[in-house]
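Taking it in order: structure first as structure tokens, then the write-up.
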Protein chains: 2
Amino acid sequence: MDEPAWLDEHELSAWQAFLATGAIINRLVEQQLKDDSGLSHSQYEVLVRLADAPDGELRMTELAGAAFTSKSGLTYQVAQLEKAGLVRRRACPTDVRGVIASLTDEGWAVLRAAAPGHAALVRELFVSGLSREEFAGFAAGLSALLGRLSVHAG
Amino acid sequence: MDEPAWLDEHELSAWQAFLATGAIINRLVEQQLKDDSGLSHSQYEVLVRLADAPDGELRMTELAGAAFTSKSGLTYQVAQLEKAGLVRRRACPTDVRGVIASLTDEGWAVLRAAAPGHAALVRELFVSGLSREEFAGFAAGLSALLGRLSVHAG
DNA sequence: GGGGGTTGGTTCGGGTTCGAACAACTGGGT
DNA sequence: ACCCAGTTGTTCGAACCCGAACCAACCCCC
């Protein structure tokens, strides 16, 4: 019951910094990907997940679960990617309802072309400017946070 | 030069954790505010900024600059808040073009009612589960990151 | 005072996102 | 064989957000 109704100074400023960094970084990344490769950040993420999967293929649900978007949002993005020729949809052999999204050759090519610029920006915004110790502490916090959040996300 | 085109293992996992935590936390916060107070996260942020300002008033530009939304986005949100009776728009006495957004009594009341639940959730998601040292390191990283980003945001 | 560059805020059009509802299908228990 | 709860992916309506275009007003410097 001694839970205060407001956050204390440190908590508040960390929280604000978290929101602000997220917003700014997302905006810059979005911008860079759009200018450089004509991809939105979500689309890029979808391509990355597919590229990480065996044969560059994943079920829609696995894609949505591992990613940061809802089921309907994913349907939309995959439709966009398919229209652009970067992704193909196949039926799932073991489940008639299932849909498998699969990277096309062009999808691979676009992703390979986009990755270096994206990596450079992430490095510039997110990695450089932090000392090794700072980065380590920061990463440790993120990882702990994510572990705890997985409980909530269930 | 010897800049690799991809992120190394630690960088990548930290980056993914950053994106994932941001996405999950934002979704949960959004949900909670909507259910609890009928506010979107952006709307809540606007109210908080106003409440922090002297007399609960701010110029539109200051609001947009300090916040995470574009000018047009802010116009939209303030219109919503005005429709809901939480914010009033006044003309700016020193600049005819200017518009001052100002918290109404009801705006104060709604914010006071919403704050404890929001603070509790932020505490639960963001603060608890990290040891004091972890949190300190994490906050230090965030702050350094934000400082560096301000350059880019200019 | 009276231009020219800058700023403040809104409007507009398009793209993106979400949740709820939906239909088709699955799998396990009986 | 059958039923029923749970899953899968899409569709639909609405909300949201952004950048570009825009007009009006400011500033400042000659």
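Letters A, B, ... are given to chains in the order of the sequence lines, protein chains preceding strands, and every chain is numbered from 1.
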So, are B:E57 and B:R90 salt-bridged, with charged N and O less than 4.0 Å apart? yes
Rounded to whole angstrom units, what separation is found between the [atom1] atom of [X] and the [atom2] atom of [N]?
| X | N | atom1 | atom2 | result |
| --- | --- | --- | --- | --- |
| B:H41 | D:dA15 | NE2 | C1' | 17 Å |
| B:L58 | C:dG9 | CG | C1' | 15 Å |
| B:R90 | C:dG8 | CZ | P | 18 Å |

Just by modelled atom types, is the [Y] backbone N or O under 3.5 Å from a matching donor or acceptor in the [X] side chain?
| X | Y | value |
| --- | --- | --- |
| A:E134 | A:S131 | yes |
| B:T21 | B:A17 | yes |
| A:N26 | A:G22 | yes |
| B:T104 | B:R88 | no |

From the options A:L142, A:V127, A:I25, A:L125, select the one residue that forms a side-chain contact (heavy atoms from CB on, under 4.5 Å) with B:W15. A:I25
Considering just the side-chain nitrogens and oxygens of B:R59, establish if one lies under 4.0 Å of OP1 or OP2 belonging to C:dG9.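 For C:dG9, OP1 or OP2 has a side-chain N or O of B:R59 closer than 4.0 Å.
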Scoring nucleotides 16-25 of chain D by protein non-hydrogen atoms under 4.0 Å (B base, S sugar-phosphate only, - none) yields SSBB-----B
